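Report on the structure given below.
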Amino acid sequence: MLAQVEVPTFWSEPYNSPALWTKLVVALLIGLAVLVGLMYAPVRARRPIVAVVTFFSGLYWVMLYAWPIPINRQDNQLPNGPVEAVGFWLKDSNSVIVSFTQILTALLFGLGIYSLLRIHLQRIVKTQRDWGFSVVLLACMSLMVFFGYADWNSRLGERGAMLDNPANWGFVNFGRDFLFEGLLQQMDAAMFSVIAFYILSAAYRAFRVRSVEATILLGTALIVILSLMGAVSGLWDDTIRSAANGNTFILNFQLTTIADWIRNTFQTSSLRGISFGVGIGLLAMGLRIWLSLERTGGSA
Amino acid sequence: MAGEQYLDTGWFGMLVTLLLAVFILVNIRRAKGGKDLFIRRIAGLNAIDEAIGRATEMGRPVLMVPGLSDTVNAIAVQAINIFAYVSRIAARFANPILICCYNAAVYTLAQEVIRDVYQQEGLADRYDQDSVRFVSDRQFAFAAGVSGLILREQTAATFFMGEFYAESLIFAETANSIGSIQVASSTEATQTPFFIAACDYVLIGDEFYAASAYLTRQPVLVGSLIGQDWGKMMIMVLLTLGTIVNSFTLTREVTSEKVDGVFNTIPARKAKLDDSPFNQLIKPSKPKITVERPIDPTKAAPAAGGGN
């Protein structure tokens with residue numbers, strides 16, 4: 001990974017160079033030291049180790065946000081002084097540090113697959129309730145892995161460009177296309193379209209006149225819905241305009257004007273209020289995690 | 001923020017962020033010092049015990065979904081913190097639980113936390129490894145999988161907390177169709193109305209982040225919550241000030257405007273919002289700066305327009 005970065009930076013060294021090998025070995029040793037430290041350290045010492053690792057991992061992102069970023073930097077320029085040198089390093093490191101997350105995610109994805117396999121194989125072996133669904137799931141997963149990998153493999157090298165034309169496709173390409181585009185994408189779309197019916201049933205329950213609040217909600221929703229129905233809003237607004245005869249106060253009673261007022265005055269301000277709260281909450285949560293003040297799963 | 005020199009221009013945003021952090025840390029210190037801090041009642045969180053009690057009476061599982069976070073972020077951690085409380089109560093009543101994860105990293109974290117919860121309660125033998133599951137990392141496959149579980153297991157209580165998108169209503173309506181009591185919260189403002197329409201109890205906005213403080217009363221969390229409230233008060237003051245300053249500015253005429261960080265004299269015209277000192281503080285006009293730097297002889301010159 002270190003050798004793949006195109007522009008030479010702190011993170012990249014020429015292929016097979018001693019500097020590259022030194023950095024690889026040092027990185028490996030640090031990783032092993034942290035792992036061994038976590039495994040063999042007394043239980044009481046594990047928390048500080050995790051706290052230190054968390055702090056330094058988080059420090060990078062805090063610095064990326066807070067440190068002055070070099071203006072109009074060209075790839076062949078050297079930094080002016082230590083402040084810019086840190087800015088250069090932070091920016092160069094971004095793509096590499098993001099890929100650390102991807103490596104970890106890939107590793108953990110394996111654990112997720114293991115969980116799926118364990119649950120469903122167990123169900124099939126013990127012929128528990130609905131074990132047939134587990135067979136379908138595992139069969140689909142295996143087929144998708146096989147065709148997905150074979151298709152990807154067939155597109156490597158010079159032959160890849162030829163496969164942009166379906167006329168050159170083989171069995172695995174057709175198989176992958178059928179499973180992914182033909183089945184999975186269509187089923188995704190089907191699930192998405194189901195939401196339309198759920199919106200209707202949820203709206204029916206929510207908009208019943210049960211209390212003062214529900215009645216206000218019903219009235220507001222009705223105005224907004226009707227304002228979006230061209231035939232209704234056009235008819236109503238034309239009537240209001242002709243009745244107004246230049247009176248600007250009466251023009252306020254156009255359906256589209258009322259709906260715009262509801263959206264701009266109530267909806268936007270409410271959403272912004274919620275966003276402020278969520279943003280501050282997120283900042284507090286991030287701060288607690290970064291400084292290891294948060295005890296995940298804290299006792300009641 | 002990328003590419004900006006905040007010390008010259010956007011320093012105000014940095015100052016507000018710093019103040020928010022200071023408010024939170026100061027209040028955590030106050031709470032740790034034994035200061036009794038008040039948190040208002042949150043109906044959705046009071047409903048948690050009721051929901052688990054109902055599930056216990058019916059002998060059906062409690063289902064939890066920690067959102068569709070793409071990785072372990074603060075939102076997923078908060079959702080799992082709330083679920084740790086739910087699992088603790090469920091463990092005490094020997095009630096089965098199901099946690100459905102969209103992301104493998106969140107699944108790993110959830111599994112560790114829930115196992116710890118059972119161990120802390122001295123009920124490690126009641127912990128079922130399969131109660132925390134990775135379902136799928138495709139949005140609608142996940143929605144279909146979780147809906148299937150809700151229907152097959154006939155869950156008595158369902159908790160949807162975290163990042164939800166279009167699938168929120170699929171979950172909520174499926175759970176509603178089997179009469180399951182639902183407590184939900186989405187950090188996505190666009191999904192909150194769907195949850196409000198379909199669920200029994202909803203935590204709106206930052207109530208989601210207040211939940212663990214409210215449930216566990218840990219001084220760190222309570223202090224942090226009070227710090228957040230201070231931050232909100234600061235924002236309210238800024239909003240009021242901004243409204244007054246902007247309204248006053250709009251009544252005046254201006255003879256200069258700021259372009260690229262420099263004030264230029266112009267013929268008198270009616271003021272716009274961009275002329276307000278408050279707007280210029282929040283959205284500063286950036287000066288055009290050219291920086292000369294030494295050239296690294298070992299690196300090739302970039303193509304035209306190749307700067308960052």
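Numbers restart at 1 for each chain; the letters A, B, ... are given by sequence-line order, proteins then strands. What you are looking at is a predicted structure, and each value in this text was computed from that prediction instead of being measured.
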Do F194(B) and I199(A) touch side chain to side chain, with heavy atoms closer than 4.5 Å?
yes

Using every non-hydrogen atom in the two residues, find where V278(A) and Y209(B) come nearest and quote the distance to one decimal.
O-CE1, 3.6 Å

Segment of N73(B) engaging chain A (4.5 angstrom heavy-atom cut-off)
neither

Under 4.5 Å to a heavy atom of chain A? For T17(B) that would be both

Is it the backbone or the side chain of I204(B) that comes under 4.5 Å from a heavy atom of chain A, or both, or neither?
side chain

Any chance you could lay out the side chain to side chain contact (heavy atoms under 4.5 Å, CB included) test for D130(B) and R123(A), step after step, and finish with the verdict?
CA-CA 11 Å; D130(B) 295 342; R123(A) 187 170 289 165; over 6 Å; no

Would you say that E173(B) contacts V194(A) through its side chain, given a criterion of any heavy-atom pair below 4.5 Å between the two side chains?
no

With L293(A), which of I24(B), L25(B), L221(B) fulfils side-chain contact (heavy atoms from CB on, under 4.5 Å)?
L25(B)

Between L291(A), L287(A), L271(A), who has the most heavy-atom pairs with chain B when the cutoff is under 4.5 Å?
L287(A)

Counting heavy-atom pairs under 4.5 Å to chain A, which of S168(B), A141(B), A210(B), A74(B) comes out on top?
A74(B)

What option among F197(A), F88(A), Y114(A) has the most heavy-atom pairs under 4.5 Å with chain B?
F88(A)

Side chain, backbone, both or neither: which part of D188(A) has a non-hydrogen atom closer than 4.5 Å to chain B?
both

Please test D70(B) against T105(A) for side chain to side chain contact (heavy atoms under 4.5 Å, CB included), starting from the C-alpha separation and ending with a verdict.
CA-CA 9 Å; D70(B) 280 328; T105(A) 307; over 6 Å; no

Quick check on F276(A) against chain B: is it the side chain, the backbone, both or neither that has a heavy atom closer than 4.5 Å?
side chain

Y198(A) vs T174(B), test: side chain to side chain contact (heavy atoms under 4.5 Å, CB included). Steps then yes/no.
CA-CA 9 Å; Y198(A) 282 143; T174(B) 308; 3.7 Å; yes

Kindly compute the distance separating CE (M285(A)) from OG (S212(B)), expressed to the nearest 0.5 Å.
6.0 Å

Looking at chain A, which one of R138(B), K232(B), E112(B), M236(B) has the largest number of heavy-atom pairs inside 4.5 Å, strictly under?
R138(B)

Report which part of R152(B) has an atom under 4.5 Å of a heavy atom belonging to chain A: side chain, backbone, both, or neither.
both

N/O donor-acceptor pair under 3.5 Å between R205(A) side chain and A198(B) backbone:
yes

Do you know which of I274(A), L111(A), I195(A), T101(A) has the most heavy-atom pairs with chain B at a distance under 4.5 angstrom?
I195(A)

Does CH2 in W131(A) sit with more than 12 non-hydrogen atoms of other residues, nucleotides or ligands closer than 6.0 Å?
no

Note: vs chain A, highest number of non-hydrogen pairs under 4.5 angstrom among E167(B), Q129(B), R217(B) is Q129(B)

Which of S224(B), A189(B), G148(B) touches chain A most, by non-hydrogen pairs under 4.5 Å:
S224(B)

Of the listed I235(B), I114(B), T71(B), the one with the largest count of heavy-atom pairs under 4.5 Å with chain A is I235(B)

For chain B, which of L217(A), L184(A), I289(A) has the most heavy-atom pairs under 4.5 Å?
L184(A)

Measure L169(B) against the heavy atoms of chain A and call it side chain, backbone, both or neither at under 4.5 Å.
both

Contact leader toward chain B among R129(A), Q122(A), M187(A), where contacts are heavy-atom pairs under 4.5 Å:
R129(A)

V72(B) portion near chain A, given a 4.5 angstrom heavy-atom threshold:
neither

Under the criterion side-chain contact (heavy atoms from CB on, under 4.5 Å), which of L78(A), N80(A), N76(A) is the partner of R293(B)?
N80(A)

Considering only heavy atoms, which portion of F208(B) lies under 4.5 Å from any heavy atom of chain A: side chain, backbone, both, or neither?
neither

Atom group of I28(B) that falls short of 4.5 Å from chain A, counting heavy atoms:
side chain

Run the side chain to side chain contact (heavy atoms under 4.5 Å, CB included) test on L108(A) and Y107(B) for me, step by step, so that the C-alpha distance in whole Å, both residues' side-chain angles and the decisive distance to 0.1 Å come before the verdict.
CA-CA 9 Å; L108(A) 294 170; Y107(B) 155 75; over 6 Å; no

What are the two closest heavy atoms between Q228(B) and G281(A), and how far apart are they?
NE2-CA, 3.4 Å

Taking every non-hydrogen pair under 4.5 Å, which of V220(B), D229(B), N176(B) racks up the most with chain A?
N176(B)

